[in-house]
Amino acid sequence: LIVPGRVFLDQEQCPRSDLERSEFFNDCLKPFGLAYSMGAAITREGPRAPTLSCLRGPSRQPFDQSDREIARFVLPHLRRAWTIAERLDLLAAGESVLDTVPLGAVFLASDGAAIYCNRAAEEIFNANDGLGLRNGELSAGD
């Protein structure tokens, strides 16, 4: 069932009669006043499958085709947000590694503005002995 971009309604996952007899329904959903669900697979990476889950109480109608269309509309945006979050995690991991290096590292944008400095570079700049950042740009004194 978990295919990226697929939106599935609860009745497509499990017959209602089976769900209502299950421990999951009686011990988890029912005590929280929940009766219906809809899921949308954002992506799938091996065993990982981040999924948007929507839940409703028994006083509401089950999810239907119009709800599925709304979820389909939102999915590309969620997929993009997921991809960005993973890239940010990777960048944070890279910064952590660079902060352990005893050499100064500075990343510059194409216009020369400093966009990242590791801890060693910050220590060099804070020493104020000729190399520094002035208005966000690398500068050297003589």
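Hydrogens, waters and symmetry mates are skipped; everything else that's a heavy atom, side chains included, is used.
- Side-chain atoms of Leu138 and Leu133, non-hydrogen and from C-beta on, do get closer than 4.5 Å to each other.
- In this structure, Leu108 and Tyr116 have side chains that are not in contact, with every pair of non-hydrogen atoms separated by 4.5 Å or more.
- With sequence neighbours excluded, the residues satisfying side-chain hydrogen bond (donor to acceptor under 3.5 Å, both in side chains) with Arg56 are Asp67.
- Heavy-atom contacts from other residues, nucleotides or ligands closer than 6.0 Å to CZ of Arg134 number 12 or fewer.
- Distance check, rounded to the nearest 0.5 Å: CG of Leu91 to OG of Ser96 gives 11.0 Å.
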Please output the side-chain donor-acceptor pairs of residues 25-32 that fall under 3.5 Å, not counting sequence neighbours, one pair per line with the distance.
{"residue": "Asn26", "atom": "ND2", "partner": "Glu20", "partner atom": "O", "Å": "2.9"}
{"residue": "Asn26", "atom": "ND2", "partner": "Ser22", "partner atom": "O", "Å": "2.9"}

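- Taking 4.5 Å as the limit, every side-chain heavy atom of His77 sits out of range of all side-chain heavy atoms of Trp82.
- Atom CG of Asn135 is surrounded by 12 or fewer heavy atoms from other residues, nucleotides or ligands within 6.0 Å.
- Looking at every heavy atom in both residues, Ser37 comes nearest to Gln13 through OG-NE2, 4.2 Å.
- If you take CD1 on Ile124 and CG on Asn118, they are separated by 8.0 Å, rounding to the nearest 0.5 Å.
- Expressed to the nearest 0.5 Å, how far CG of Asp99 lies from SG of Cys117 amounts to 10.5 Å.
- One hydrophobic cluster, built from ILVMFWY side chains closer than 4.5 Å, holds both Phe24 and Leu55.
- A distance of 9.5 Å separates CZ in Arg80 from OG1 in Thr83, rounded to the nearest 0.5 Å.
- Here the side chains of Phe8 and Val3 are not in contact, with every heavy-atom distance at 4.5 Å or above.
- Put simply, the side chain of Thr43 does not reach to within 4.5 Å of the side chain of Leu78, judged on heavy atoms.
- From Leu75, atom CG reaches atom CZ of Arg6 across 12.5 Å, with rounding to the nearest 0.5 Å.
- Surrounding CD of Glu23 are at most 12 heavy atoms belonging to other residues, nucleotides or ligands under 6.0 Å away.
- In this structure, the separation between OH on Tyr36 and SG on Cys54 is 15.5 Å, given to the nearest 0.5 Å.
- Transitive grouping of hydrophobic side chains (ILVMFWY, heavy atoms separated by less than 4.5 Å) brings Phe63 and Val74 into a common cluster.
- Between Asp10 and Met38, every side-chain heavy-atom pair lies at or beyond the 4.5 Å cut-off.
- Phe73 and Leu9 fall within the same hydrophobic cluster, defined by Ile, Leu, Val, Met, Phe, Trp and Tyr side-chain heavy atoms under 4.5 Å apart, directly or through other members.
- Annotation for Gln65: atom CD counts as buried by contact number, over 12 foreign heavy atoms lying within 6.0 Å.
- Taking both residues in full, the closest heavy atoms of Gly33 and Pro58 are given as O-CD, 3.3 Å, listed atom of the first, atom of the second, then distance.
- A donor-acceptor pair under 3.5 Å links the side-chain atoms of Thr51 to the main chain of Ala49, judged by distance alone.
- Comment: Glu122 does not engage Arg119 in a salt bridge, judged by the lack of any side-chain N to carboxylate O separation of less than 4.0 angstrom.
- Under a 4.0 Å N-O distance rule, the pair Arg68/Glu12 qualifies as a salt bridge.
- Val106 and Leu98 fall into different hydrophobic clusters, where Ile, Leu, Val, Met, Phe, Trp and Tyr residues are linked whenever their side-chain heavy atoms come under 4.5 Å apart, directly or through other members.
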